[in-house]
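A, B, ... follow the sequence lines: proteins, then strands. Residue 1 opens every chain.
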Protein chains: 2
Amino acid sequence: MYRDTESRFRHRRREGEIVTALRAATIEDVARRAGVSRAAVSKVIRNAYGVSPAMRERVNAAIEALDYRPRVAARAMRGSSFTIGIELPHIGNPFFTKIVAGATAALTGTEYQLIIAPADVDGEEGVRAIGALADRQVDGIIAISPLVAPEWLERLAARVPVVMLGRHDRSVAYDTVTGDDAEGTRLVMEHLLGLGHRRIVHLTRSEEVTRPGSGNPHAIRLERYLAHMHDAGLDDCIRVVRTGLDEESARLDTRALLDAETPTAIFVGNDELALGTLRALNDHGLSPAEVSVVGYDDVDIASYPAISLTTVNQSGEAMGERAVRLLLERIQGRTEPTHFSVEPTLKVRGSTQPVPPEPAP
Amino acid sequence: MYRDTESRFRHRRREGEIVTALRAATIEDVARRAGVSRAAVSKVIRNAYGVSPAMRERVNAAIEALDYRPRVAARAMRGSSFTIGIELPHIGNPFFTKIVAGATAALTGTEYQLIIAPADVDGEEGVRAIGALADRQVDGIIAISPLVAPEWLERLAARVPVVMLGRHDRSVAYDTVTGDDAEGTRLVMEHLLGLGHRRIVHLTRSEEVTRPGSGNPHAIRLERYLAHMHDAGLDDCIRVVRTGLDEESARLDTRALLDAETPTAIFVGNDELALGTLRALNDHGLSPAEVSVVGYDDVDIASYPAISLTTVNQSGEAMGERAVRLLLERIQGRTEPTHFSVEPTLKVRGSTQPVPPEPAP
DNA sequence: GTTCCTGCATAGATCGATCTACGACACCCG
DNA sequence: CGGGTGTCGTAGATCGATCTATGCAGGAAC
């Protein structure tokens, strides 16, 4: 007999020998031990209606004794997996981990578990990770502004609740949680212009990421940078430099920039990249008095005294927490779309200084 | 009729109204469209034996046309979920994200997806997260030295392949990937002693985390610190300070320490905590020339010029990559336990300086 | 012509939960 | 006593894959 249905021992054949291992208890085992039906056990687990106190107690005792835990896969076959998935484009970015911290906090005390699918590469990877979450039947998906067409998202959102973080389009199919990137960029540009800066470079992600109309935060920041420069009559000073998604690429691309020219200020797409820029300035022996730097996100290290990076704060914890709340509401049955925006504030620190006097030629 | 089995439309009742949504395709739909059996489609998906080229083509066309994707939950019911789970004690720690990066890299090109279960709190949370992964039928679990009894792990490892990161016990049930913490600590202590330091404080995690015999890296580092101090005849100078698991608690606890006394060096349990210590020194107006600091892990920011933290490097990427490899081997059928150790190197930077001359009293 | 392969395809059981529909029983009421 | 109402519990279908066992051709060997 290959499988003994009455005992909890599983016999596996592996390379000729027979391995006997204690099989994990199923709802069937619990039911048998408690002398009730599977359905009864299921009711107890789910706190459903129609269970006498006496039965509840017997079943709970059996669950305890057998160390029973429901298989999520089996539950997912008939409904929910009690899992919320979040896609992270780059796990090394401390701002994203703040979002995760907020999401985790919002889920403690609920029966849901958060799982993270890391993408970690530009482009298609984000879509792959989101797809992997969907394949795993998660009950809700949080995604951080991936490079994907709205139609694709709408189809996804028709099957599972979706919250997009940082995406500025307004779909009826999914909810969004965003920072006000236009306002954040306004704060940055007014600050820099107020300090007398004119030759302000914007260091941002690839053209693909900042494609106009994509609703990506970096696209908005770029667009507003261009608008503010134009409004200030500084069309001639506009300079956009592209880079990758981590600190090291920002360092290299800033170095290349500095080899060619020396602006008075660099507005960088986010703090992680800004750290690379600061390194490059250091490599070139330039101080904030010579070249000011502004980041975006206000990651923890930005306030570190030796770094002291001027940046835009948009509470990542609040965003993660809100995203989870919106998902839970959707799971409860809400159908009207919700779009939540976080108000940014500028944290002025030592990395921005008044523009230095132009050296005599 | 509640459910129309012939069409791909699903009718849901929600608050009285009937919502009609396009149901995601199943293997059944694909089989019907291609005019073959479910089993045939399954074979094509799994690249199994016994499929004619003609059928493969028809099935693939149907899969394409219906945008079919296998439900992982259904697959998990009968075997594997093609998912590797990793438990992270604290997602804010950049060393852990390096491990994830290594693991992700090792999985690209395979059919496995990595998911992360964040724990983010001391104590029982890690066990909860690991349990959540097990409930989700992952095919392998990577866990970062959680506070849990070996017996618990052995029982877990009997059901699913497990790799413990940083845990120094040697079980036959699970594999381990560790840094050589004894050697790392030796490098640190010899460096500090060589610089003339005597009053060396060790800032580490809670007593629970560093419980002797737990095999936790912090426990080893503490134990070796004590041994090296003793061997150097410095029993009187031994001073162990406890803190939490993030930068902020390290900052506060270091402040409290400095309010009471001023050592010449602080050996901190890891880099994240060391950053908090550096902040506290800054708060007290103390420079590396007055108080040296050593961390552990060599996170990216440690090499930042303005921070320049002396620390122990133990490639997190290599650890994550190796952990994944070990899991894949176990999934392939390996049964003999493997224990892999990464050799640490000391990165000497500006945060450690020769001991200052004792000020005249 | 029978037997025996070999390659290709299918039927149907199976995994472990949930959930609907229904049955059994007790109680109350006119 | 028939009939409603409520409570507690069970049988059995169901979700969507995988996988074993089996069947059916068609060709080769004898």
Ion pair Glu321(B)/Arg325(B), N-O distance below 4.0 Å: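 Counted as a salt bridge, because a side-chain N and a carboxylate O are separated by less than 4.0 Å.
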Distance-only side-chain donor-acceptor flag, Ser42(B) / Arg38(B), under 3.5 Å: no
With a 3.5 Å distance limit and no angle check, can you tell me whether [X] reaches the backbone of [Y] through a side-chain donor-acceptor pair?
X: Asp139(B); Y: Phe82(B); result: yes
X: Arg170(B); Y: Thr176(B); result: no
X: Glu87(B); Y: Ile144(B); result: yes

Test log, rule side-chain hydrogen bond (donor to acceptor under 3.5 Å, both in side chains), inputs Thr83(A) and Arg136(A): CA-CA 9 Å; Thr83(A) 309; Arg136(A) 277 154 189 78; over 6 Å; no
Value in whole Å for how far the [atom2] atom of [N] lies from [atom1] of [X]:
X: Gln137(B); N: dT18(D); atom1: CD; atom2: C1'; answer: 14 Å
X: Arg159(B); N: dG16(C); atom1: CZ; atom2: P; answer: 12 Å
X: Asp139(A); N: dC15(D); atom1: CG; atom2: P; answer: 18 Å
X: Ile27(A); N: dA11(D); atom1: CD1; atom2: C1'; answer: 14 Å
X: Arg71(B); N: dT14(D); atom1: CZ; atom2: P; answer: 17 Å
X: Asp29(A); N: dG16(C); atom1: CG; atom2: P; answer: 9 Å
X: Asn47(A); N: dT18(C); atom1: CG; atom2: P; answer: 12 Å

Base-contact (B) and sugar-phosphate-only (S) positions in nucleotides 4-11 of chain C, heavy-atom cut-off under 4.0 Å, - elsewhere: ---SSBBB
DNA chain C contacts among residues 75-84 of chain B, heavy-atom distance under 4.0 Å: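 Those residues whose heavy atoms fall under 4.0 Å from DNA chain C, taken from residues 75-84 of chain B in numerical order, are Met77(B), Arg78(B).
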Minimum heavy-atom distance Gln137(B)-Ala76(B), with the two atoms named: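 For Gln137(B) and Ala76(B), the tightest heavy-atom pair comes out as NE2-O, 3.4 Å.
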From CD1 (Ile86(B)) to CG (Leu133(B)), nearest 0.5 Å: 9.5 Å
